[in-house]
Protein chains: 2
Amino acid sequence: MSIEFEQIRLEPAYRKVASALMARILDRTLRDGDRLPSETELARQFGVNRSTVREAVRELESSGLLARRPGSKLLVVTRPAAVHVAEGVSRALMLHDVTYQDVWEALTILEPPIAETAAGRRTETDLGEITRAATEFAANNAETARAAFHAAQFLRTVGAATHNRILMLGHEPLLQLLEPSLRAMIDKVPQARSRITTAQRRISEAIQARDSEGARTWMARHIRDFRKGYEIAGIDLTRRLAE
Amino acid sequence: MSIEFEQIRLEPAYRKVASALMARILDRTLRDGDRLPSETELARQFGVNRSTVREAVRELESSGLLARRPGSKLLVVTRPAAVHVAEGVSRALMLHDVTYQDVWEALTILEPPIAETAAGRRTETDLGEITRAATEFAANNAETARAAFHAAQFLRTVGAATHNRILMLGHEPLLQLLEPSLRAMIDKVPQARSRITTAQRRISEAIQARDSEGARTWMARHIRDFRKGYEIAGIDLTRRLAE
DNA sequence: CGCGAGGAATTGTCCGACAATCGTACGATC
DNA sequence: GATCGTACGATTGTCGGACAATTCCTCGCG
């Protein structure tokens, strides 16, 4: 008979410490906002050196599970912020040679149902944010960078109106990838600004009227316009997004 | 006249080192698979202490940008693996009190178009993976944990057939969240196993026939079944996923 | 050309130290 | 009584050095 041994894995101490801390955060023994003991104290409790604790803390900081309030040295437990997580995701996507086509395709799939859901769920507050974003775009689209930012911001507010955190977090990386590609497109396509403005207004109106169908349709058209824009701007859709 | 001062931010050295290394990875000076200089050498080049370098490296390791091959001490540059990134995302979602309803809703939006796209793009290899996953589920669904795993795995193979990395990476966290919730459901719903088997077969057949419409429809039905399952199992959909 | 041995290199961990900065409690001031 | 300034203690960021345990790598051998 052959005996199967478990694989021996000697985790370094700093990883064990990180795991232990993470476990406490995930099981909510340590909660959002709780202050962590000092490094010296943690070192004492875990029976390791302070340097080891520091390495573990860096890992958790990078995952967004620990953070320090700006201008403070106190380490507090945090729930990873959406933007922070999304940054990691878009970094990963860039490194995996994502193309303009990929981004556009994902937007095509995601945004229309998001708009549809938003129309059914939006509160008055959401509506305010959405119309404000549309207004901002209309008012500040002279500068390319700003135009791109506000175009993405509009989609972000629509996403927030779904009140579904998965959808929000899921499409945030898309927006982060979209923004620079919009910067490359908007200036080369004269009619882009006005078409975006129109689409945003139609979408806003539909969401205001709780017209799910209309929101979906107009969002689909909005996204289709992006693709046209890329084509008119002469951007090769199969090109990698990363330069 | 009012002078605007730039915000002063004194980044600690370990963060600067991490940023510098990350920049090199993002601009592809350092590429996937490249070996990093030793800690001592990095410390010399950056003009900081080795401890400082180590803290920086831990951050990048946690982001998935650096890693060591199993059983090796050599640090190599890596592109963050999808599962690794997705784990971070699902952790974040759990901590943000995601509900069963949220997961189901996101699946409803994402999976049908994914199946549709997959039907149009699948290669023979993809098809092999998909049918194999379906076969595995049919053969190994006695054990609950395995059944849940293979149910998720099936969706994973369908996602891979889209050849769109954004979609793949975007729905991986969903699968990670789905799996444990399936474990909680499958056993309480006698007809779950056979309904899943049927749906998988129909979806596979549609994808094989390149029938986009059929793939979408059957996937939608498949996902709707999950919801029915939760209801029959008496799971409160508004409950947080994290216990 | 494959392969094993042994020295060199590297990592993981510890210790101790110190300046800069932050947190806080206490007293002074309005 | 509330606000403010200050001084002191606590904490972090960084450094230097040290050492055992492994892994890497070269070189000589079969």
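Any value given below was found using the heavy atoms of this structure, including those in side chains, with hydrogens, waters and symmetry copies removed. Throughout, a chain's letter reflects where its sequence line sits, starting with A, and its residues are numbered from 1.
B:L30 CG to B:R28 CZ: the interatomic distance, rounded to the nearest 0.5 Å, is 12.0 Å. Within the model, atoms OG of A:S204 and CZ of A:R122 stand 11.0 Å from one another, a figure rounded to the nearest 0.5 Å.
If you find the closest nucleotide of DNA chain C to B:R35 and to A:R35, the one lying nearer the 5' end belongs to B:R35.
Between B:K16 and B:E11, no side-chain nitrogen of the basic residue sits less than 4.0 Å from a carboxylate oxygen of the acidic one, so the salt-bridge criterion is not met.
The side-chain hydrogen bond (donor to acceptor under 3.5 Å, both in side chains) test applied to B:T125 returns no partner, not counting sequence neighbours. B:A82 is linked by a side-chain contact (heavy atoms from CB on, under 4.5 Å) to B:L169, counting only residues two or more places apart in sequence or in another chain. With sequence neighbours excluded, the residues forming a side-chain contact (heavy atoms from CB on, under 4.5 Å) with A:P180 are A:R183, listed by chain and number. In this structure, the side-chain contact (heavy atoms from CB on, under 4.5 Å) partners of A:A67, at least two apart in sequence or on a different chain, are A:T78. For A:E143, there are no salt bridge (charged side-chain N to carboxylate O under 4.0 Å, His left out) partners at least two apart in sequence or on another chain. Evaluation of the side-chain contact (heavy atoms from CB on, under 4.5 Å) rule for A:Q101 yields A:T99, A:E105, A:R227, A:L237, B:R121 as partners, not counting sequence neighbours. A search for salt bridge (charged side-chain N to carboxylate O under 4.0 Å, His left out) contacts involving B:R31 returns nothing, not counting sequence neighbours.
In summary, contact between chain B and DNA chain D, defined as any nucleotide atom under 4.0 Å from a heavy atom of the protein, begins and ends at D:dG13 to D:dC25 in the 5' to 3' direction.
Dashed line: the shortest gap from a side-chain N or O of A:Y14 to OP1 or OP2 of C:dT13 is not under 4.0 Å.
In the displayed structure, B:R68 atom CZ is contacted under 6.0 Å by more than 12 heavy atoms of other residues, nucleotides or ligands.
Within 4.0 Å of B:L75, counting heavy atoms only, lies no atom of the nucleic acid at all. At the heavy-atom level, A:R15 lies nowhere under 4.0 Å from the strands shown. Nucleic acid contact for B:R69: none, since no nucleic acid atom lies under 4.0 Å from a heavy atom of the residue.
One axis for each end of the helix from C:dC1-D:dG30 to C:dC30-D:dG1, each built from five base pairs, and the angle between them comes to 30° at 10° resolution.
One side chain, A:S62 or B:S63, offers a donor N or O that lies under 3.5 Å from an acceptor on the other.
Heavy-atom distances under 4.0 Å link DNA chain D to B:G47, B:V48, B:N49, B:R50, B:T52 of residues 38-53 of chain B, given in residue order. Of the residues in residues 16-24 of chain B, none lies under 4.0 Å from DNA chain C by heavy-atom distance.
Each ring-ring contact (aromatic ring centres under 6.0 Å, His included) pair with one or both residues in residues 69-104 of chain B, not counting sequence neighbours, appears once here: B:Y100-B:Y230.
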